[in-house]
Amino acid sequence: MKSKIYILIGPPGAGKGTQAKNIANTKGFVLISTGDLLRENVEKKTELGQIAKSFMDKGEFVPIDLVAKIIKANIEQNLNKNGFLFDGFPRDLSQNILLDGMLKEFDLEVDKVIYIDVKDEAILERLTNRRVCPKCKKVYHMKFNKPKKDELCDDCGVALATRDDDKPEVIKNRLATYHKVTHPLVEHFEKLGKVIRIDGSKSPKEVENEIISNI
Ligand SMILES: [Zn+2]
């Protein structure tokens with residue numbers, strides 16, 4: 001049987017990373033998360049990982065062709081698996097062309113795009129209320145997952161901090177980039193009738209269940 005190919009798309013702050021891990025676990029899919037794959041290849045000192053590291057050490061982005069090679073090697077190693085879940089790739093239409101070419105070589109194609117739909121205002125509320133413990137890295141939310149005492153970590157008693165990534169200006173910028181660069185992928189796959197739209201305003205567990213029951 002051919003492996004199913006799923007792509008997870010959603011705005012920054014939609015909780016994609018956690019969802020991707022849980023869904024892949026539940027469904028027995030191979031998770032292709034570009035960030036994790038790069039780290040893994042660097043740690044294992046694979047040939048491609050060492051080339052990638054030379055860019056990372058200079059503080060440069062790893063070229064997309066190299067990322068694609070690493071992804072392709074991973075597909076090749078896991079061809080007998082049920083399916084693949086992509087998170088973080090493709091990020092735009094040109095990367096989708098790369099992916100398409102790669103999949104064709106294995107006689108595969110994208111089955112469905114899981115689109116976690118969350119309004120910008122909801123993302124802003126979610127992320128600007130997020131706090132993190134600088135010591136143990138535990139994440140809190142000042143509305144939905146408050147620390148027991150003021151803005152202090154339950155475990156360490158240390159004052160919680162807002163990550164630079166969670167500052168409103170930064171989030172607005174990331175959302176604008178998402179709408180311009182990544183969201184066109186949703187429109188592209190909508191024309192092909194391949195989008196499963198998930199209401200991302202619900203709780204993470206509800207979102208996860210809805211995704212799992214739809215794929
Ligand atoms: Zn802590």
Side-chain angles (χ1 to χ4, degrees), residues 8-46 49 52-53 55-62 67 70 74 85-89 91 114-178 182 198-212:
L8 192 59
I9 295 180
K16 273 186 321 121
T18 315
Q19 295 290 357
K21 283 194 179 83
N22 294 343
I23 298 158
N25 264 336
T26 308
K27 302 291 277 190
F29 292 163
V30 177
L31 176 60
I32 307 241
S33 156
T34 41
D36 289 351
L37 261 188
L38 279 174
R39 268 190 294 279
E40 219 179 276
N41 275 271
V42 170
E43 273 165 25
K44 288 185 184 158
K45 297 199 164 72
T46 64
K53 189 173 182 293
F55 289 96
M56 291 153 99
D57 286 345
K58 284 183 277 182
E60 290 171 12
F61 283 115
V62 178
V67 175
I70 291 174
N74 199 278
L85 179 63
F86 284 81
D87 173 30
F89 181 90
R91 200 174 286 281
I114 304 156
Y115 167 45
I116 306 182
D117 187 7
V118 195
K119 299 280 161 286
D120 285 7
E121 306 81 68
I123 303 268
L124 270 163
E125 184 180 43
R126 229 181 247 186
L127 297 187
T128 52
N129 280 294
R130 195 156 68 170
R131 300 289 181 274
V132 62
C133 170
K135 204 169 162 200
C136 71
K137 308 294 172 209
K138 189 169 171 184
V139 178
Y140 296 84
H141 192 280
M142 297 317 288
K143 281 198 178 150
F144 308 123
N145 179 28
K146 282 195 224 172
K148 292 194 187 84
K149 215 177 142 211
D150 304 325
E151 290 214 11
L152 301 176
C153 177
D154 293 346
D155 300 332
C156 317
V158 173
L160 301 177
T162 306
R163 288 196 282 221
D164 286 342
D165 279 1
D166 291 343
K167 304 249 156 80
E169 325 75 76
V170 178
I171 299 166
K172 280 179 191 159
N173 266 329
R174 286 170 67 206
L175 283 169
T177 305
Y178 164 78
T182 306
I198 304 287
D199 177 1
S201 66
K202 297 180 183 166
S203 77
K205 193 69 205 165
E206 284 172 301
V207 171
E208 184 186 324
N209 289 339
E210 198 180 330
I211 295 172
I212 286 167

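One-based numbering, in listed order, for ligands and for the atoms of each. The residues of the chain are indexed from 1 along the displayed sequence.
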- Task: Just the protein N/O/S atoms under 2.8 Å from the Zn ion (ligand 1), please, no waters.
- Result: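 Less than 2.8 Å away from the Zn ion (ligand 1) sit Cys133 SG, Cys136 SG, Cys153 SG, Cys156 SG.
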
- Message: Looking at Lys16 and Gly13, would you say the former's side chain and the latter's main chain have a donor-acceptor pair under 3.5 Å?
- Response: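 Pair absent, no side-chain N/O of Lys16 close to backbone of Gly13.
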
- Task: Locate the shortest heavy-atom distance separating Arg126 from His141; write the atom from each residue and the value.
- Result: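 Scanning both residues, the minimum pair turns out to be O-NE2, 2.9 Å.
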
- Task: Provide the closest heavy-atom pair for Leu8 versus Gln19 in the form atom of the first, atom of the second, distance.
- Result: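 Between these two residues, the closest heavy atoms are CD2-CB, 4.4 Å.
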
- Taking ring-ring contact (aromatic ring centres under 6.0 Å, His included) as the test, write out the residues that go with Tyr115, two or more places apart.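 By the ring-ring contact (aromatic ring centres under 6.0 Å, His included) rule, Tyr115 matches His183.
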
- Query: For the atom pair CG (Asn41) and CG (Asp36), what is the distance rounded to the nearest 0.5 Å?
  - Reply: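 Output value for this atom pair is 11.0 Å.
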
- For the atom pair CD (Glu210) and CD1 (Ile116), what is the distance rounded to the nearest 0.5 Å?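 Separation between the atoms: 10.0 Å.
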
